[in-house]
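Here the structure comes first, spelled out in structure tokens, and everything after it is commentary.
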Amino acid sequence: MRTLLQLDFPYDGPFGDEMASAMAELAESIAREPGFLWKIWTENPDSCEAGGIYLFEDESSARAYLNKHTARLKEFGVPKVNGKVFQVNEALSAIDHGPV
């Protein structure tokens with residue numbers, strides 16, 4: 001069953017176009033993760049947060065990525081990573097034009 005991963009964490013920037021340039025290599029590596037389907041990158045300069053909404057083919061892929069990315073962010077000095085895993089109800093999502 002397709003699985004959504006929601007991640008957010010404290011982030012001091014850069015944001016916008018500067019973030020896109022700085023994180024392009026990371027984005028390319030995420031695109032190659034096992035079971036990965038897509039990601040929407042999120043950022044909020046006002047609250048100094050960043051993260052993303054990810055869709056994976058299955059829960060085990062989502063959880064494996066959550067563990068990997070949490071460890072990577074901690075290596076970058078991020079003190080707390082919030083991660084939530086959700087099962088996708090594809091039938092209802094299709095009614096509301098969800099990209100599943």
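The residues of the chain are indexed from 1 along the displayed sequence. Note that the structure is predicted; figures quoted are calculated from it, not measured.
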- Less than 4.5 Å apart, any side-chain heavy atom of Leu66 and any of Leu7? yes

- Item | Ser60 (side chain) donor-acceptor with Asp58 (main chain) under 3.5 angstrom | no

- Query: Looking at the rings of Tyr65 and Tyr54, which for Trp means the six-membered one, are their centres under 6.0 Å apart?
  - Reply: yes

- Item | Donor on one side chain, acceptor on other, Asn67 and Thr70, under 3.5 Å | no

- Item | N/O donor-acceptor pair under 3.5 Å between Ser93 side chain and Asn89 backbone | yes

- Would you say the side-chain atoms of Trp38 pair up with the backbone N or O of Pro99, donor to acceptor, closer than 3.5 Å? yes

- Answer with yes or no whether the hydrophobic clustering places Phe9 together with Met19; edges join I, L, V, M, F, W, Y residues whose side-chain heavy atoms lie under 4.5 Å apart. yes

- Item | For the student: nearest non-hydrogen atoms of Ala22 and Pro14, plus distance | CB-CG, 4.2 Å

- Determine yes or no for a side-chain-to-main-chain donor-acceptor pair under 3.5 angstrom, with Thr42 supplying the side chain and Gly51 the backbone. yes

- Taken to the nearest 0.5 Å, the spacing of Leu73 CG from Lys80 NZ works out to 14.0 Å

- Task: Start with the C-alpha gap between Phe36 and Glu57, add the side-chain angles, then the distance that decides, and say whether side-chain contact (heavy atoms from CB on, under 4.5 Å) holds.
- Result: CA-CA 6 Å; Phe36 175 83; Glu57 292 175 355; over 6 Å; no

- Message: Between Asn44 and Asp46 (side chain of the first, backbone of the second, donor and acceptor by atom type, cut-off under 3.5 Å), is there such a pair?
- Response: yes

- Message: Within the structure provided, determine whether Glu43 and Phe15 are in side-chain contact (heavy-atom separation under 4.5 Å).
- Response: yes

- Query: Quick one: are Leu5 and Ile53 in side-chain contact, heavy atoms under 4.5 Å?
  - Reply: no

- Message: Between the side chains of Arg63 and Glu59, is the shortest nitrogen-to-carboxylate-oxygen separation below 4.0 Å, so that they form an ion pair?
- Response: yes

- Spacing of Asn82 atom CG and Gln6 atom CD [to the nearest 0.5 Å]: 8.5 Å

- Please lay out, stage by stage, how Val88 and Met1 fare under the test side-chain contact (heavy atoms from CB on, under 4.5 Å). CA-CA 7 Å; Val88 175; Met1 176 177 278; 5.6 Å; no

- Query: So do the side chains of Leu4 and Val85 get within less than 4.5 Å of each other, counting heavy atoms only?
  - Reply: no

- Task: Any chance you could lay out the side-chain contact (heavy atoms from CB on, under 4.5 Å) test for Glu33 and Lys68, step after step, and finish with the verdict?
- Result: CA-CA 10 Å; Glu33 287 293 325; Lys68 176 181 180 175; 2.7 Å; yes

- Are Ile30 and Ile40 grouped together when hydrophobic residues (ILVMFWY) are joined by side-chain heavy atoms under 4.5 angstrom apart? no

- Message: Show the nearest heavy-atom pair for residues Ser29 and Arg72, with the distance to one decimal.
- Response: OG-NH1, 4.1 Å

